[in-house]
Amino acid sequence: MTRITTYDTTLRDGEQAQGVTLSLEDKLRIARRLDEFGIDIIEGGFPVSNPKDAAFFDELCQNPLKHARIAAFGSTCRKDVAAADDAGLAGLVASGAPVVAIAGKTWDEQVTRALQTTLEENLRMISDSVAFLKQNGMEVVFDAEHFFDGYKANADYALACLRAASEAGADSIDLCETNGGALPFEVGEITAAVVKALPSQSFGIHCHNDSGCAVANTLAAVNAGATQVQGTINGYGERVGNADLLTIIADLELKMGFTCVGPDKLRELTSVATYVAEICNFSVWAHAPYVGGSAFAHKGGLHASAIARFPQAYNHVDPDVVGNSAHMLVSELAGKASLVAKAASLGFDLNAHPEKTQEILDEVKAREAQGYSYEVADGSLALLIDRHLRNPRPHFTLESFRVIVDDREDTGALAKDAQSEATIKVHVGDDRFVATGEGVGPVGALSKALKMALSTAYPQVNGMHLIDFKVRLLDESTGTDAITRVVITTRDEEGTWGTIGVSENIIEASWNALVESLEYGLARCLPAEPDGGC
């Protein structure tokens, strides 16, 4: 089976989608999850464009991924500037990334009108840039920007650009369908012509979805000889998005006989989609191929009865192979195997407690119906499982808390002078602790007050730091009365974990997530008492 190289650009192209803003920790979490999933190359962004991306590359240079290679993105050298003197290319080399992707123009009108230079100078820019990066020991992916529009306008010049990159040593030339307007038959025909013209060169494909054909165009290119596919998780990207890399992987493996991540990792497809969506503060589109909640959903009547006797009647693949599940819209089927596997990763052996598995699963589903989502809240899920298995005593209980937000000086709509104060009263065993914390926001103030109150009994909380906080309204149509979901990410010296809170009151939802973050953190670092307490 031919292996197709997977190249993810969620952290660059995906972040250009409207509504997506990723913190440094977000980018690192996504990169590590995609590494675990088996993606081959992960494009991290522009290392010379902003401090966040520079810090991302620094972190992964110090703590490399296990499988994936990190790619730094940039452009060819500037016109009339030697590659060795170009600051942008120097920054790519300095990033420490083993792979670099450089975009270069291949459409003659883009060269003369956008770059405002000559066709010959553009060829020089491509050749010198690729050669310079190769001389510095980097794996080079040349992104042939606007290639399909360029080929249709001037095939000879577009091919000349590819030859310049190839002869300079590009490891892969990825044909970019930048405007998203080409159709599959065009992409297939043009890719086949390019592969024939440069038979010793490896090619990839990068498509946008403006005409709704990004995945189909990608598959057409692979069918014509491309061996590397670029895309983003869930198709996030500028305008209407990029090719959905998860759909591409599933189609290549299940429909076309290629290997990308392999059958074992393919079962994580739905989990990866949900994980990245939650970090981006989105939901996975219910009707997304393979991974959506409705991808294998069936209503009653003919479909339901047929599915019961012959699942293939209305399922094009077995949903288990992509980590999803078939379900009737009136009641979901149980997913015990997934729960058992997830529990094992959290340190619980549900095989030793078969009588508890369905009980836990029922509560998970009931809570999900209320708005909970445990895909990025391992800490909360672990606490839920532990309550069913051991019913441990909580490390502390709340007597009361109060939060005050004080805006002392009215300086208009752009004022940034509001302060929050939180007072907390908690009990640890027979001891009562009262503390007050201040912060810019109410959640920060609550976090400080709670840690102050607990630090005497549990000094370990001082090493736990809230590093991310996300809020999502689950029913926007109800406005300020909407159910609010809060996900908090906490870190200590051993790692990170997520916890979740759901309520109509954003402060209460935040408090619940905050309490679980410290409860789970303490459960990780303190031994359990033999009687089931802590």
Side-chain angles (χ1 to χ4, degrees), residues 25 367 372 376-387 390-408 417-471 484-534:
E25 184 64 28
R367 284 175 166 266
Y372 288 81
V376 292
D378 283 356
S380 291
L381 180 60
L383 292 173
L384 185 154
I385 294 171
D386 201 26
R387 284 195 295 271
R390 299 189 309 118
N391 192 28
R393 293 194 302 272
H395 292 91
F396 59 93
T397 56
L398 173 70
E399 177 182 322
S400 67
F401 73 78
R402 175 182 295 174
V403 180
I404 300 171
V405 179
D406 186 7
D407 191 353
R408 296 176 182 271
D417 53 2
Q419 292 291 314
S420 298
E421 178 183 295
T423 299
I424 286 178
K425 302 174 184 179
V426 295
H427 294 264
V428 179
D430 295 329
D431 296 322
R432 180 175 184 262
F433 297 92
V434 180
T436 298
E438 294 180 323
V440 174
V443 178
L446 278 171
S447 178
K448 289 180 180 179
L450 182 56
K451 289 170 68 174
M452 289 171 61
L454 297 177
S455 59
T456 300
Y458 302 114
Q460 296 88 347
V461 299
N462 292 320
M464 301 175 194
H465 306 286
L466 191 158
I467 60 172
D468 202 7
F469 174 82
K470 283 188 169 64
V471 177
T484 302
R485 179 164 70 205
V486 170
V487 176
I488 285 176
T489 304
T490 308
R491 178 169 59 198
D492 64 10
E493 61 183 10
E494 299 297 325
T496 63
W497 62 92
T499 50
I500 191 168
V502 174
S503 173
E504 291 181 352
N505 185 299
I506 187 173
I507 301 299
E508 185 176 52
S510 302
W511 168 258
N512 292 338
L514 183 62
V515 167
E516 294 214 334
S517 74
L518 296 188
E519 279 285 359
Y520 180 68
L522 291 171
R524 280 163 40 112
C525 63
L526 295 176
E529 292 183 0
D531 65 352
C534 293

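Only this structure's heavy atoms are used, side chains among them; waters, hydrogens and symmetry mates stay out.
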query = Are Leu454 and His395 close enough that some pair of their side-chain heavy atoms sits under 4.5 Å apart?
reply = no
request  = Please report the shortest heavy-atom distance between Ala445 and Ser420, naming the atom on each side.
outcome  = CB-O, 3.8 Å
ask   = Is it the case that Thr423 and Thr436 place a side-chain donor and acceptor less than 3.5 Å from each other?
value = yes
Heavy-atom pair with the smallest gap, counting every atom of Ala453 and Ala435 = N-CB, 3.7 Å
key: side-chain contact (heavy atoms from CB on, under 4.5 Å) between Leu514 and Leu446, worked out   = CA-CA 8 Å; Leu514 183 62; Leu446 278 171; 4.0 Å; yes
task = Check Glu504 against Thr484 and note the closest heavy-atom contact, atom names and distance.
result = O-OG1, 4.4 Å
task = Look up atom CG in Leu383 and atom OH in Tyr520, then write down how far apart they are to the nearest 0.5 Å.
result = 8.0 Å
Heavy-atom closest pair, residues Val486 and Ile506 = CG2-O, 4.3 Å
ask   = Can you tell me how far OH of Tyr458 sits from CD of Glu519, rounded to the nearest 0.5 angstrom?
value = 7.5 Å
request  = To the nearest 0.5 Å, tell me how far Asn462 CG sits from Ser455 OG.
outcome  = 5.0 Å
message = For Ser517, is there any backbone N or O sitting under 3.5 Å from a side-chain donor or acceptor partner on Trp497?
response = yes
ask   = With a cut-off of 6.0 Å (strictly less than), are more than 12 heavy atoms of other residues, nucleotides or ligands near CZ of Arg387?
value = yes
remark   = Result for side-chain contact (heavy atoms from CB on, under 4.5 Å) between Ser380 and one of Thr499, Val487, Ile488 points to Thr499
request  = Would you indicate whether the side-chain heavy atoms of Phe433 and Ile424 approach each other to under 4.5 Å?
outcome  = no
query = Once you round to the nearest 0.5 Å, how far does NE2 of His465 lie from NZ of Lys451?
reply = 5.5 Å
query = Side chains of Met464 and Leu518: does their closest heavy-atom pair fall under 4.5 Å?
reply = yes
task = Would you give the length of the straight line joining atom CZ of Arg485 to atom NZ of Lys470, rounded to the nearest 0.5 angstrom?
result = 12.0 Å
task = Measure across Gly495 and Arg524 and return the closest heavy-atom pair with its distance rounded to 0.1 Å.
result = N-NH2, 3.7 Å
Worked verdict on Lys448 versus Glu438 for side-chain contact (heavy atoms from CB on, under 4.5 Å) = CA-CA 7 Å; Lys448 289 180 180 179; Glu438 294 180 323; 5.9 Å; no
request  = Check salt bridge (Lys or Arg N to Asp or Glu O under 4.0 Å) between Glu508 and all other residues, then give those that pass, not counting sequence neighbours.
outcome  = none
request  = Calculate, to the nearest 0.5 Å, the distance between atoms CG and CG belonging to Leu466 and Leu450 respectively.
outcome  = 11.0 Å
Closest approach of Asn512 to Val502 (non-hydrogen atoms, all atoms of both residues) = ND2-O, 4.3 Å
